[in-house]
Amino acid sequence: MPELPEVEITVRGLTPALLDRRIARVEVRRARMRRPFPSGLAERLTGARVTALGRRGKYGTISTDRGDSIVFHLGMSGRWRIDPVEIGRHDHLVLETAESGVLSLNDPRRFGFVDVTATDRLAAYAPFAAMGPEPLGDGFHAADLGERLRGRTGAVKAALLDQRVVAGLGNIYVCEALHMAGVEPATPAGVVPGAKLSLLVDSVRAVLNAAIAAGGSTIRDYARPDGELGYFARQWRVYGREGEACGCGGVVVRRAEGGRSTFLCPACQPPVGKARVRGR
DNA sequence: ATGTCCACCTGCTGGC
DNA sequence: TGCCAGCAGGTGGACA
């Protein structure tokens, strides 16, 4: 579930609960999610003070005054909870700060994971080093995207889901951005026209910013007991709207590709060949 | 190297 | 009401 906006909101929600606070107690209730927790996780954290929180793509980071950074990924169903009413079987890691706030990492499907790396080598952390530019940063622009897509024959949708091309996008926001840009998801990545690449860059930024704004508007809820970070109301134009009317008057359809659903409006997102018969 | 398929795990929903 | 198939926002390993 969590894509970049959800992780961003999670990190923002965790910040007031963790920043500059000392972790008084750590409870590892299940020693692994997708992968085993790093050894000595509880010892590394207990007594440490949190010095920074951050995000890279869909990953969140929590740095401490011991030079360690906890890296977490929420997978499909992960979420952090603040002062949960009760700790259940899906709460795998529980942190308690000296100020008595309780945070729990809850993940029913356990596709998420927790890792530790040295803060001064965070950029070299393998998944980060291989990752493409942050879509909301200066490094994400049409020229660079075109460079990364050049020669790729697979669907542009699959390429945008590839974290090495651009960081943080998942199925929902890729569907939304392709719709906003009017790009047919199955278009071979390498043949998307330059003008469409510019539109795509703008659309990716727009859908992500709108989602973060929507989450940000409810972030105060996270400061309350049992606040669940990572989920917030959102309105999508095509995702999950199979059979519904698109704003253009067309009808949203759903396709299964590679075992995943793609939502699009065929009227807004015609195949490239249909949109421009002979480009040159 | 790139593209495609599948496994990992649990919970929820819709159809019968 | 109950059961079961199908589906879910991600990643990464195996294979062509």
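The sequence lines fix the lettering, A, B, ..., with proteins before strands; numbering per chain opens at 1.
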A:Phe72/A:Trp80 under ring-ring contact (aromatic ring centres under 6.0 Å, His included): CA gap, chis, key distance, verdict: CA-CA 10 Å; A:Phe72 65 86; A:Trp80 278 93; 5.6 Å; yes
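A donor-acceptor contact under 3.5 Å links the side chain of A:Arg34 to the base of C:dT11. Applying the 3.5 Å distance criterion, the base of C:dA8 shares no donor-acceptor pair with the side chain of A:Arg260. Within 3.5 Å, no donor on the side chain of A:Arg110 pairs with an acceptor on the base of B:dC9, nor the reverse.
Because its NZ or CZ atom is both nearer than 6.0 Å to the ring centre of A:Phe113 and within 45° of the ring axis, A:Arg35 counts as a cation-pi partner of that residue.
In the set B:dT10, C:dT11, C:dG9, B:dT10 carries the atom at the smallest distance from any side-chain atom of A:His90. Checking B:dC9, B:dG11, C:dG12 against every side-chain atom of A:Arg35, the shortest atom distance belongs to C:dG12.
Where A:Pro127 and A:Ser261 meet DNA chain C, the nucleotide closest to each residue was compared, and A:Ser261 sits on the side nearer the 5' end.
A close approach under 4.0 Å does not occur between any side-chain nitrogen or oxygen of A:Thr153 and OP1 or OP2 of B:dT2. Residue A:Arg32 places no side-chain N or O under 4.0 Å from the OP1 or OP2 atom of B:dC9. Phosphate contact (OP1/OP2 of C:dG10, side-chain N/O of A:Gln163, threshold under 4.0 Å): absent.
A:Glu257 has its CD atom 14 Å from the P atom of C:dC7, to the nearest Å. Remark: P of B:dA7 and CZ of A:Phe111 are 12 Å apart, rounded to the nearest angstrom.
Across all their heavy atoms, A:Glu3 and A:Asn171 have their closest contact at OE2-N, 3.4 Å.
Among A:Arg79, A:Arg81, A:Arg30, the one residue that satisfies the salt bridge (Lys or Arg N to Asp or Glu O under 4.0 Å) test with A:Asp91 is A:Arg81.
For the segment residues 200-208 of chain A, no residue has any heavy atom less than 4.0 angstrom from an atom of DNA chain C.
Residue contacts for A:Arg254: at a heavy-atom cut-off of 4.0 Å it reaches the sugar-phosphate backbone alone, with no base atom in range.
Ring-plane geometry between A:Phe128 and A:Tyr59 is classed as perpendicular, the angle between the planes exceeding 60 degrees on a 0 to 90 degree scale with a lower cut at 30.
Using a 4.5 Å heavy-atom cutoff, the side chains of A:Ile70 and A:Arg44 are not in contact.
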